[in-house]
Asker: 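So that we are looking at the same thing, I have put the structure below in structure tokens.
If you read the sequence from its start, that first residue is 1, and numbering goes on from there. Both counts, for ligands and for their atoms, begin at 1 and track the order of listing.
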Amino acid sequence: MKKLLLMVGLSILALQAQEFNAPMQTYMQALSLEAKNTDSTFNGFDAKRGETLFQSKHMGKKGVEISCTTCHTINLKNNGQNVNTNKSILPLAPSVNTGRLSDVKEVEKWLRRNFNDVLNREGTAREKGDVLSYIITQ
Ligand code: HEC
């Protein structure tokens, strides 16, 4: 019985949605304002749109097809691998790697680099907000 209760408790924990910490919420609000300023029809970030973007393939700056999943894999709970350096990357999913999406500076730095790797340009406020909304659910 104790074991069963523990299992129920753990699965409730696992079902709880992850939330952004306070600095990340402020960052998301800034992205949201910026998105609204460039597009008056913008009405909020969309995790589904973020997922589609995360999985979409582009001709990267090296002339080879690349997507966010190339390094982070399709399942964000798994380890990934940096295809440029062959170094392994810990999971992006905050549910298994609690340090993720907790440090605005780190997030901004990697989004800038990674969007450049994949799209040959920086992400727009909407694109960044959408992928972060997707990653936080993982
Ligand atoms: C060429 C490989 C590569 C590609 C492609 C790539 N990433 Fe990354 N990403 C990395 C590496 C390396 C790090 C930093 C190492 C780490 O945090 O484990 C990182 C870190 C991140 C982080 C920081 C998370 C945190 O809070 O620590 C985010 C967010 C992220 N990537 C999102 C993306 C998105 C969105 C895309 C697609 C636009 C993408 N990545 C494509 C290699 C890549």
Asker: Do you know the tightest heavy-atom contact between M24 and V104?
Answerer: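 In terms of heavy atoms, the two residues are closest at SD-CG2, 3.7 Å.
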Asker: Under 4.0 Å from a heavy atom of N84: give me the atoms of ligand 1 that qualify, with their elements.
Answerer: 1 (C)
Asker: Please list every donor-acceptor pair under 3.5 Å in which a side-chain atom of residues 42-49 meets a protein atom from a residue at least two apart or in another chain.
Answerer:
| from | atom 1 | to | atom 2 | distance (Å) |
| --- | --- | --- | --- | --- |
| D46 | OD1 | K48 | N | 2.9 |
| D46 | OD1 | R49 | N | 3.4 |
| K48 | NZ | E51 | OE1 | 3.1 |
| R49 | NE | D130 | OD2 | 2.7 |
| R49 | NH2 | G44 | O | 3.3 |
| R49 | NH2 | D130 | OD1 | 3.0 |
| R49 | NH2 | D130 | OD2 | 3.2 |

Asker: For ligand 1, is any non-hydrogen atom under 4.0 Å from V107's backbone (N, CA, C, O), its side chain (CB onward), both, or neither?
Answerer: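 Looking at V107 and ligand 1, just side chain atoms fall under 4.0 Å.
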Asker: So, Q81 side chain and N86 main chain: donor-acceptor pair closer than 3.5 Å or not?
Answerer: yes
Asker: Tell me which one of G99, S67, S88, S56 gets a heavy atom nearest to atom 5 (C) of ligand 1.
Answerer: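 Selected option, by shortest heavy-atom distance: S67.
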Asker: Using side chain to side chain contact (heavy atoms under 4.5 Å, CB included), reason through R121 and E127 one step at a time and then give a plain yes or no.
Answerer: CA-CA 12 Å; R121 59 167 174 80; E127 288 170 333; 2.9 Å; yes
Asker: Measure the distance from atom 12 (C) of ligand 1 to every protein heavy atom, then report the residue, atom name and distance (to 0.1 Å) of the closest one.
Answerer: N82 ND2, 3.5 Å
Asker: Between R100 and L90 (side chain of the first, backbone of the second, donor and acceptor by atom type, cut-off under 3.5 Å), is there such a pair?
Answerer: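 Yes, the answer is positive, given that a donor and an acceptor are paired below the 3.5 Å cut-off.
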Asker: Determine yes or no for a side-chain-to-main-chain donor-acceptor pair under 3.5 angstrom, with N120 supplying the side chain and M59 the backbone.
Answerer: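 The answer is yes, because a donor-acceptor pair under 3.5 Å joins these two groups.
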Asker: Return the minimal non-hydrogen interatomic distance between S133 and T137, and the atom names on each side.
Answerer: O-CG2, 3.3 Å
Asker: I need the contact type for I66 against ligand 1. Using non-hydrogen atoms and a strict under-4.0 Å cut-off, is it side chain, backbone, both or neither?
Answerer: side chain
Asker: Which option wins on minimum heavy-atom distance to atom 23 (C) of ligand 1: W110, F54, F115, Y134?
Answerer: W110
Asker: At what distance is the nearest protein heavy atom to atom 28 (C) of ligand 1, and which residue and atom is it?
Answerer: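 Sorting protein heavy atoms by distance from atom 28 (C) of ligand 1 puts L92 CD2, 3.9 Å first.
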Asker: Is there an N/O/S atom in C68 at a distance below 2.8 Å from atom 8 (Fe) of ligand 1?
Answerer: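 No, C68 does not qualify, because none of its backbone or side-chain N, O or S atoms lies under 2.8 Å.
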Asker: I'd like the name of whichever of R100, K87, R113, K109 reaches closest to atom 16 (C) of ligand 1 through any heavy atom.
Answerer: R100
Asker: Do ligand 1 and L101 have nitrogen or oxygen atoms that lie under 3.5 Å from each other?
Answerer: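 N/O-N/O distance below 3.5 Å exists for this pair.
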Asker: Minimum distance, heavy atoms only, to atom 9 (N) of ligand 1: which one of L53, V83, V118, N114 is it?
Answerer: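 Of the listed residues, N114 has the closest heavy atom.
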Asker: Given 3.5 Å as the limit, does a donor-acceptor pair link the side chain of N116 with the main chain of R112, or not?
Answerer: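 Yes: the side chain of N116 pairs with the backbone of R112.
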Asker: Around atom 42 (C) of ligand 1, find the nearest protein heavy atom and jot down its residue, atom name and distance.
Answerer: I89 CD1, 3.6 Å
Asker: Show the numbers, then the answer: is there a side chain to side chain contact (heavy atoms under 4.5 Å, CB included) between L92 and F54?
Answerer: CA-CA 12 Å; L92 268 193; F54 198 86; 3.9 Å; yes
Asker: Considering heavy atoms of the protein only, find what lies nearest to atom 3 (C) of ligand 1 and give residue, atom and distance to 0.1 Å.
Answerer: C71 SG, 2.7 Å
